[in-house]
**Student:** 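Below: one structure in structure tokens.
Both counts, for ligands and for their atoms, begin at 1 and track the order of listing. These numbers come from a predicted model, not from an experiment.
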Amino acid sequence: MGEVLPRGPQSYFRPVIDSFPWWRNAVVYQVYVRSFADGNADGVGDIAGLISRLPYIASLGVDAIWINPWYVSPLLDGGYDVADYRDIHPMYGSLEEAKRLIDEAGAASIRVLVDLVPNHTSWDHAWFKAALDADPGSLERSRYHFLPGKGKHGQLPPNNWKSVFGGPAWTRVPDGEWYLHMFDVSQPDLNWDNPDVREEFIDILRFWLDLGVSGFRVDVAHALVKEADYPDATEDDTDSVLSTPTGEGHPLWDRPELHDVVREWRAVLDDYQEKMMVAEAWIPKWERLAKYVRPDEYHQAFDFHLLKASWNPEAVRATIEGSVAAATSVGSIPTWVLSNHDVIRHVTRYGLAPHVEERAWLLSGDEDRLDLDLGLRRARAATLLLLGLPGSVYLYQGEELGLHEVHDLPEGVIDDPVWERSGHAEKGRDGCRVPIPWKREGPSFGFGDNGSWLPQPEIWSELSVESQDGVEGSTLELYRAAIRIRAERLRDDESLEWIDVGPGALAFRRGSGVTCLINYGDQLVPRPEGVLLLASGPLQGDSVPANTAMWMADA
Ligand code: GLC
């Protein structure tokens with residue numbers, strides 16, 4: 001490994017190693033298996049459906065897929081409540097089918113990452129059932145966080161911690177003890193000071209690695225360890241998974257002790273060839289996020305700053321600079337993400353009027369404040385920005401079709417535990433989890449031969465894969481072209497140099513001779529010299545219109 005080059009005024013970073021491992025500048029496609037493709041007509045996506053759609057994923061040109069939890073689970077938090085980490089939920093298929101998927105994906109040069117959920121199990125997990133059957137102080141209870149309550153009769157929770165999904169983070173069991181659950185009541189937090197827990201997860205890692213996966217996306221990686229004596233939290237705004245407070249000394253988020261666990265896992269991955277793990281860590285401070293991607297820890301961490309950045313060039317540039325500086329300060333490389341199964345789809349986000357609070361809007365669904373055409377134009381431009389940057393890009397299924405958030409799901413179908421736990425103050429995350437429309441017509445637009453577990457809007461007929469496949473200028477073809485050009489020209493290029501194009505726009509040039517320009521303002525911006533490779537929307541002669549991005553190659 002070479003040295004990390006210092007930041008110059010214009011040139012932000014250059015290759016630090018000679019040959020890049022596959023994950024370093026990868027495009028990873030996130031598959032929310034429940035909503036991807038339904039192979040057995042029960043209205044729910046499954047592995048058979050996913051296997052049948054591998055040719056589609058290959059046609060996108062992505063390097064890998066990340067599959068959301070597919071394990072045995074009561075599905076009280078979409079499968080992030082795991083009852084058996086080594087088996088597949090029968091609704092999705094079987095372990096044999098999972099193996100077939102990994103092999104067939106591999107044959108199509110698509111690597112598979114699975115979701116590791118180490119912070120908590122389901123309450124259906126054998127360990128938690130044993131803990132409930134056991135006495136206070138038992139070994140079984142010590143794998144979780146069981147504590148006596150406060151108050152004369154122990155009737156008050158042990159401290160003031162709140163669940164990310166709403167309500168207290170503690171629930172009382174019949175013998176009077178309380179257990180910790182940072183998320184749903186059905187998701188008891190594991191105690192990472194317990195050696196059984198540590199050993200078990202090393203074994204789980206090996207189980208999946210031996211089955212052929214290329215690595216892991218690690219769920220709420222910043223929550224793993226809690227402060228030993230469970231003090232009250234002072235900074236207590238854990239009201240959303242997106243706004244977990246972090247920083248020195250917080251009793252439950254981003255504890256320094258968790259890095260020891262990560263190092264243990266990294267040593268396991270390093271026993272194999274070309275494996276990687278990416279942390280889901282909602283960490284606002286870059287210097288703290290960088291700690292997760294030190295050379296003996298995670299290979300990457302999701303960086304959600306760009307997802308949260310507003311639509312203006314200064315904010316975006318500052319975000320890119322911060323992300324790049326943080327990752328490269330420890331020899332890693334940034335990641336870029338605009339959507340996933342937890343956030344409002346970015347077509348909708350970009351289409352909302354300025355200053356609209358997103359989660360409140362979701363509840364009201366006020367359509368006067370939403371311009372979906374504008375949202376899609378911006379989303380397409382942002383795609384060229386993302387895919388034009390060095391680092392890995394994580395795409396969420398359906399964004400390549402330009403899907404928007406389904407904000408008007410009827411209350412009766414809402415599945416996200418956030419809805420109930422927040423006392424209906426938050427609608428939750430189902431609107432970005434609506435099944436994919438594959439065909440223009442038919443039941444569930446080709447998602448399966450039957451209905452779909454969440455209703456799809458009629459307009460998704462026009463956004464279906466069938467409607468866009470091979471259609472010049474469609475969002476699907478834009479993604480395919482961008483990923484192809486990126487693979488051809490940018491795969492082994494980790495450099496970036498800003499170009500001054502005046503106010504309202506951002507532009508940078510990559511060492512391999514590709515320039516990316518994105519116009520955030522409302523004025524036309526002259527297009528740079530060179531040969532046009534791709535544009536996110538129609539250009540006006542030699543100018544780039546508002547909310548449009550383009551790539552040029554040196555002439
Ligand atoms: C992560 C997942 C989210 C889940 C939560 C609890 O943030 O992405 O979907 O609800 O962790 O496991």
**Student:** So which bit of Arg433 gets within less than 4.0 Å of ligand 1, heavy atoms only: side chain, backbone, both or neither?
**Tutor:**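 Just the side chain.
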**Student:** Step by step, would you call Asp77 with Arg429 a side-chain contact (heavy atoms from CB on, under 4.5 Å)?
**Tutor:** CA-CA 10 Å; Asp77 179 23; Arg429 301 160 292 174; 3.1 Å; yes
**Student:** Relative to the heavy atoms of Val220, which atoms of ligand 1 are at a distance of less than 4.0 Å?
**Tutor:** 7 (O), 11 (O)
**Student:** At a non-hydrogen distance cut-off of under 4.0 Å, which region of Tyr32 contacts ligand 1 (side chain, backbone, both, or neither)?
**Tutor:**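 Neither; nothing of Tyr32 gets under 4.0 Å from ligand 1.
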**Student:** Looking at Arg429, which atoms of ligand 1 are within less than 4.0 Å of one of its heavy atoms?
**Tutor:**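 Result: 3 (C), 4 (C), 9 (O), 10 (O).
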**Student:** For Glu280, take its heavy atoms, then give the atoms of ligand 1 lying under 4.0 Å from any of them.
**Tutor:**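 Heavy-atom distances to Glu280 below 4.0 Å select 1 (C), 7 (O), 8 (O).
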**Student:** At under 4.0 Å between heavy atoms, which part of Arg217 makes contact with ligand 1: side chain, backbone, both or neither?
**Tutor:** side chain
**Student:** Could you tell me if His89 and Ser73 have a donor-acceptor pair between their side chains, going purely by distance under 3.5 Å?
**Tutor:** no
**Student:** Please confirm whether Phe165 comes under 4.0 Å of ligand 1, counting heavy atoms of the residue only.
**Tutor:** yes
**Student:** For Thr335 and Asp303, indicate whether the former's side chain and the latter's backbone hold a donor-acceptor pair under 3.5 Å.
**Tutor:**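 Confirmed, Thr335 side chain pairs with Asp303 backbone.
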**Student:** Does ligand 1 have an atom under 4.0 Å from some heavy atom of Met182?
**Tutor:**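 Met182: no contact with ligand 1 (<4.0 Å).
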**Student:** Would Asp203 and Arg206 satisfy salt bridge (charged side-chain N to carboxylate O under 4.0 Å, His left out), going step by step from the backbone distance to the final call?
**Tutor:** CA-CA 5 Å; Asp203 200 71; Arg206 289 198 189 278; over 6 Å; no
**Student:** Find out whether the Lys NZ or Arg CZ of Arg141 is both under 6.0 angstrom from the six-membered ring centre of Phe146 and within 45° of the ring's axis.
**Tutor:** yes
**Student:** With ring centroids as reference points, do Tyr80 and Phe183 lie under 6.0 angstrom apart?
**Tutor:**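 No; Phe183 has its ring centre 6.0 Å or more from that of Tyr80.
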**Student:** Check ligand 1 against His120 and write out every atom of the ligand that is under 4.0 Å from a heavy-atom position of the residue.
**Tutor:**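 Per the distance check, 6 (C), 12 (O).
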**Student:** Check whether any side-chain heavy atom of Leu306 sits under 4.5 Å from a side-chain heavy atom of Leu386, and report yes or no.
**Tutor:** yes
